[in-house]
2 protein chains.
Amino acid sequence: MTPEYITRTEKVFPSLTKGMKKVAEALLHDPYSFVIHPAKQIGSITGVSETMVIRFCKALGYDGFSQLQETLKQEMLKFDSPIPLDDYVPTPFTTNIRGDLDLIESNLQQLNTSELSSVVERIIKSERVIVVGYYQSNAFAYWLFFNLNYITGNAHLYRPETDARLLDLTPPNSCVIVFSFYRYAMDTIRFVKEAKNKGITVIVITDSHVSPVVQYADHIVLIRLGRASLLRKGPVTLSVINSILAEAANQIEEKGVTPASYKYFIKDGEEKNDHYDFD
Amino acid sequence: MTPEYITRTEKVFPSLTKGMKKVAEALLHDPYSFVIHPAKQIGSITGVSETMVIRFCKALGYDGFSQLQETLKQEMLKFDSPIPLDDYVPTPFTTNIRGDLDLIESNLQQLNTSELSSVVERIIKSERVIVVGYYQSNAFAYWLFFNLNYITGNAHLYRPETDARLLDLTPPNSCVIVFSFYRYAMDTIRFVKEAKNKGITVIVITDSHVSPVVQYADHIVLIRLGRASLLRKGPVTLSVINSILAEAANQIEEKGVTPASYKYFIKDGEEKNDHYDFD
DNA sequence: ATTATAGTGAAGCGTATAATTCATTTCAAG
DNA sequence: CTTGAAATGAATTATACGCTTCACTATAAT
């Protein structure tokens, strides 16, 4: 799906004057400049006057520079993976899912893989892994706990109603994985603080650098939500968790620490395993 | 090399006022918006006034909004324009996430949207919505329960240890949403059977037409997993759930049944809401 | 309850930038 | 050359946006 402004430019290009062609080339070569610079500066960059820049915009069929800039901004806003499926009718459902796809894609591109490696390493080395997440994040915590428990067998889901003194009984070589998303629950902060005081490694999975728990974190996994709806964090977070789980399973298998029965967890298309009593 | 504006924000964050903190979070979440939107619009996005946005900029040590925007533009020029796609190294993490993307995409293309519409309609009409999911599926059940409860306020998560006789006390105009993934828990089947006998509508979200609960289902939402790893069901299922939630919220809003405060749930980039106490 | 203080937003002002107008330059045809 | 039409940019006008001021509101202390 080539953006509107490109097709327009190509169409009118032959009929443009010399000065306008300069501007046209600049637009195709470096559209980003048109977003962040004023028209006059575009002019000086391309070696023409501000007037010429505006003329060019009108030649494209826009009202003026402002309108072109506006469409460019819109264009830049949507993430650069417009997968065009020709004859498909968008419904509220499909457009919503596409929104999830876009968000995962953009997170993928900015993923801090070295931090994830450290997290996996820490998980594997830990005698015990305690997972915490309140409210919405409880779904994430449960997913990580359940599946990690299946891989390592030493995961624990923190439940405040029963695990009051849990941290006192936690072996020193353990870690805590906390999900902390906007807006931040007080209980999460208290728990993490206590863990940190006891010398337990703290891994935070969050959507914000300024989440109050970050100050106690040894490792931070950042999920970038941008201005996405609060529901969107679901799929992308689970996907990132999965990448951690899969790599953990992978490494454990390589080191031969673990029965082969976990194998199918790792790669797609492998045999399913009968011992896994599901849901 | 973390950008200047991030370090500054993190540094002053604790000393900021409530309104300024909103802006601060928006900046860290979505710096791009600060480049392409005027201050007033940043204000309306974050739910504060233009003045507050400018105050925040000054609190960071900038002259005002203009100067912050200028530094952001510089920052984006550095990052954004040279996208060296060649030097992107696939890691186990990124390839894994790409696998999730592929699965969601393929589900998207085969999505039964009319069935989803029926499901949404049923949810909206129901006096009560009981969500059930054992083992791995508990994560899905919780996600649906929590968020639906925020939209409609009448969602209930079935917990066997406390909800023994729940179905007897359930009003007739209700529905049950069950997550049933391979391999199928006996408890799920028993529960669904009972619900069906009591005349309660049964909605099943499953990965198989031959799941034992399908025979009791009034509506079936099929998640196609193919031979994908058992972890992969996570993101795609959450994404489908989201599409249901978003559409439900959408319709409820349209009909005006519900306070406007739920609005931000529906579309990306809408106002955030203070009443949502998170995680 | 009362008052002081901090927090916040609406309205007006000033500047930066876009758009228009018009004068100058360029260039091709006779 | 000369001339007229097209091309271009400088100057002018209009507008949008950031910034300041000030009045109002929430919060905390007494």
Side-chain angles (χ1 to χ4, degrees), chain A residues 5 8-9 12-27 30-74 76-77 183 186 210, chain B residues 5 8-9 12-27 31-77 271-275:
Chain A
Y5 75 92
R8 287 200 197 188
T9 306
V12 302
F13 191 85
S15 66
L16 294 176
T17 68
K18 194 157 56 101
M20 290 187 187
K21 275 181 179 155
K22 284 187 192 173
V23 185
E25 277 172 8
L27 175 62
D30 182 24
Y32 196 79
S33 280
F34 282 64
V35 176
I36 65 171
H37 294 306
K40 190 165 189 177
Q41 204 165 341
I42 298 294
S44 79
I45 289 170
T46 54
V48 298
S49 69
E50 181 195 7
T51 317
M52 190 57 62
V53 175
I54 293 166
R55 273 205 198 93
F56 165 72
C57 298
K58 294 196 167 180
L60 288 195
Y62 296 104
D63 283 353
F65 183 75
S66 302
Q67 206 191 26
L68 170 63
Q69 197 177 47
E70 195 50 46
T71 65
L72 287 172
K73 284 176 181 176
Q74 296 307 322
M76 306 270 174
L77 259 187
R183 310 176 43 104
M186 278 301 160
V210 293
Chain B
Y5 75 92
R8 288 200 196 187
T9 307
V12 303
F13 191 84
S15 66
L16 294 177
T17 67
K18 192 155 60 92
M20 289 182 175
K21 276 182 177 150
K22 285 187 191 173
V23 185
E25 282 178 359
L27 176 62
Y32 196 77
S33 279
F34 283 64
V35 176
I36 65 171
H37 294 306
K40 190 166 190 178
Q41 204 166 339
I42 297 294
S44 80
I45 289 167
T46 53
V48 298
S49 69
E50 181 194 8
T51 317
M52 190 56 63
V53 175
I54 293 165
R55 274 206 198 92
F56 164 72
C57 299
K58 295 196 167 181
L60 289 196
Y62 296 104
D63 283 353
F65 183 75
S66 302
Q67 206 192 23
L68 170 63
Q69 198 176 46
E70 197 48 48
T71 65
L72 287 173
K73 284 178 180 175
Q74 297 306 324
E75 200 62 44
M76 302 272 170
L77 269 184
E271 287 252 337
K272 275 173 183 162
N273 185 302
D274 267 347
H275 308 122

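Quick note on labels: first sequence line is chain A, next is B, and so on, each numbered from 1.
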Working to the nearest 0.5 Å, report the span between CG of A:L16 and OG1 of A:T9.
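One finds 8.5 Å between CG of A:L16 and OG1 of A:T9.
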How long is the span from the CD1 atom in B:I54 to the CD atom in B:Q67, to the nearest 0.5 Å?
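So the gap between those two atoms works out to 13.0 Å.
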Please check: side-chain N/O of A:K58 versus main-chain N/O of A:G64, any donor-acceptor pairing under 3.5 Å?
no
Give a yes or no on whether the backbone of A:A39 and the side-chain of A:E50 come within a donor-acceptor separation of less than 3.5 Å.
no
Return the nearest nucleotide to the side chain of [X]; candidates are [options].
| X | options | value |
| --- | --- | --- |
| B:M52 | D:dC19, C:dA18, C:dT8 | C:dT8 |
| B:T51 | D:dC19, C:dG9, D:dC17 | C:dG9 |
| B:S49 | C:dG9, D:dT8, C:dA18 | C:dG9 |

How about B:K40: does its NZ atom have over 12 heavy atoms from other parts shown lying under 6.0 Å from it?
no
Nucleotide [N], atom [atom2] - distance to [atom1] of [X] in whole Å:
| X | N | atom1 | atom2 | value |
| --- | --- | --- | --- | --- |
| A:Q41 | C:dA18 | CD | C1' | 14 Å |
| A:L68 | C:dA19 | CG | P | 10 Å |
| B:K58 | D:dC19 | NZ | C1' | 6 Å |
| B:F34 | D:dG18 | CZ | C1' | 15 Å |
| A:F65 | C:dT17 | CZ | C1' | 10 Å |
| B:I54 | D:dT20 | CD1 | P | 8 Å |
| B:Q69 | C:dA16 | CD | C1' | 12 Å |
| A:E70 | C:dT17 | CD | C1' | 15 Å |

Could you tell me whether the side chain of B:L27 reaches within less than 4.5 Å of the side chain of B:F56, counting heavy atoms only?
yes
Any side-chain heavy atom of B:Q69 within less than 4.5 Å of one from B:S66?
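Side-chain contact under 4.5 Å: no.
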Protein within reach of the bases, or only the backbone? For nucleotides 22-27 of chain C, mark each nucleotide 5' to 3' as B, S or -, using heavy atoms under 4.0 Å.
------
The residue, B:E50 or B:T17, whose nearest nucleotide of DNA chain C is more 5′ is B:T17
What's A:S66 touching, base or sugar-phosphate or nothing? Going by heavy atoms closer than 4.0 Å.
sugar-phosphate
